[in-house]
Amino acid sequence: MSENTATAATPEAGDATATPQTDGATTDGATTDGAATPGAGDAAAPAAGVSKAMIADIEEAMKDVVDPELGINVVDLGLVYGVHVDDENVATLDMTLTSAACPLTDVIEDQARQALTTGPGGGLVNDIRINWVWLPPWGPDKITDEGRDQLRSLGFNV
């Protein structure tokens, strides 16, 4: 069973594990001789220049990802179950499909990668991973009101 990991993203700057270094001092108080600051690559510190994308921004960008069979975006169809962004600004999307037998996972993954990793400034995230989940199974109850309106305009009775 998939756990919904959609939570508000916390900016790295406020992270208690991040120790800003502006004077050439290492975390133990030693100074450097112009070489890279020891500890700069520590796992506890965020990668330099990396800022985490906000969940709401990712969800909005995912509205550009359209189910190829229905012509409706994956967010309004209710196919995105959760979003998590790690410290390297890599988004993991918990997603499902209208059918486990759907052969279009590659198409949707390519669209998601395009929507989230490209654009002005390089995109919202550095990379994506899609965790395809089947529980709970998708059903029409997961479609948003906007998605229902879009389907009705295409002639579907939902």
Side-chain angles (χ1 to χ4, degrees), residues 1-21 40-158:
M1 184 177 290
S2 173
E3 175 183 6
N4 185 345
T5 55
T7 57
T10 304
E12 300 305 324
D15 219 59
T17 59
T19 305
Q21 299 294 323
D42 288 349
V50 174
S51 62
K52 285 171 72 170
M54 300 298 290
I55 301 299
D57 293 338
I58 290 173
E59 289 173 346
E60 185 63 32
M62 285 297 290
K63 289 185 178 183
D64 290 340
V65 178
V66 175
D67 180 285
E69 294 177 317
L70 295 174
I72 307 297
N73 74 72
V74 297
V75 173
D76 286 327
L77 279 175
L79 300 178
V80 179
Y81 283 1
V83 177
H84 173 77
V85 181
D86 69 16
D87 290 339
E88 299 298 321
N89 201 33
V90 174
T92 299
L93 308 167
D94 288 337
M95 291 186 65
T96 196
L97 298 169
T98 56
S99 163
C102 179
L104 300 171
T105 56
D106 290 344
V107 172
I108 292 173
E109 189 165 346
D110 289 344
Q111 285 186 44
R113 186 172 310 284
Q114 180 78 16
L116 297 176
T117 64
T118 63
L124 288 172
V125 297
N126 295 332
D127 199 7
I128 67 161
R129 293 183 191 107
I130 297 181
N131 179 33
W132 295 107
V133 296
W134 308 111
L135 292 175
W138 179 87
D141 59 305
K142 303 222 182 322
I143 303 172
T144 67
D145 289 340
E146 175 138 347
R148 290 179 190 286
D149 290 343
Q150 293 173 46
L151 285 168
R152 284 186 198 105
S153 71
L154 294 172
F156 289 94
N157 185 18
V158 288

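- Thr92 places none of its side-chain heavy atoms less than 4.5 Å from the side chain of Asp86.
- Taking CH2 of Trp138 as the reference point, atom CG of Leu97 lies at 10.5 Å (rounded to 0.5 Å).
- At a threshold of 4.5 Å between non-hydrogen side-chain atoms, the residues Ile108 and Trp132 count as touching.
- Among residues at least two apart or in separate chains, side-chain hydrogen bond (donor to acceptor under 3.5 Å, both in side chains) pairs with a member in residues 64-80 are Asn73-Asp76, Asp76-Thr144, Asp76-Gln150.
- Smallest separation of non-hydrogen atoms from Lys142 and Pro137: CE-O, 3.7 Å.
- The two residues Asp57 and Leu124 make their nearest non-hydrogen contact at O-CD1, 3.5 Å.
- Shortest non-hydrogen contact noted between Ala53 and Asn89 is N-OD1, 2.9 Å.
- Closest heavy-atom contact between Val83 and Val80: CG2-CG1, 4.0 Å.
- To the nearest 0.5 Å, atoms CD (Glu109) and CD (Gln111) are separated by 11.5 Å.
- With rounding to the nearest 0.5 Å, the separation of CG in Asp87 from OG in Ser51 is 12.0 Å.
- A distance of 11.5 Å separates OG1 of Thr96 from CG of Leu77, quoted to the nearest 0.5 Å.
- Summarising the geometry, atom NZ belonging to Lys63 is positioned 4.5 Å from atom CD belonging to Glu60; distances are rounded to the nearest 0.5 Å.
- Arg152 CZ: more than 12 foreign heavy atoms inside a 6.0 Å radius.
- Listed here is the closest heavy atom pair of Ala115 and Ala61: CB-O, 3.6 Å.
- Counting heavy atoms from C-beta outward, Ile72 and Leu154 have side chains that approach closer than 4.5 Å.
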Exercise. Give the intermediate values and the outcome of salt bridge (charged side-chain N to carboxylate O under 4.0 Å, His left out) for residues Arg113 and Asp110.
Key: CA-CA 5 Å; Arg113 186 172 310 284; Asp110 289 344; 5.3 Å; no
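- Within the 4.5 Å cutoff, no side-chain heavy atoms of Val90 are placed close to those of Val125.
- To the nearest 0.5 angstrom, Leu116 atom CG is 11.5 Å from Asn126 atom CG.
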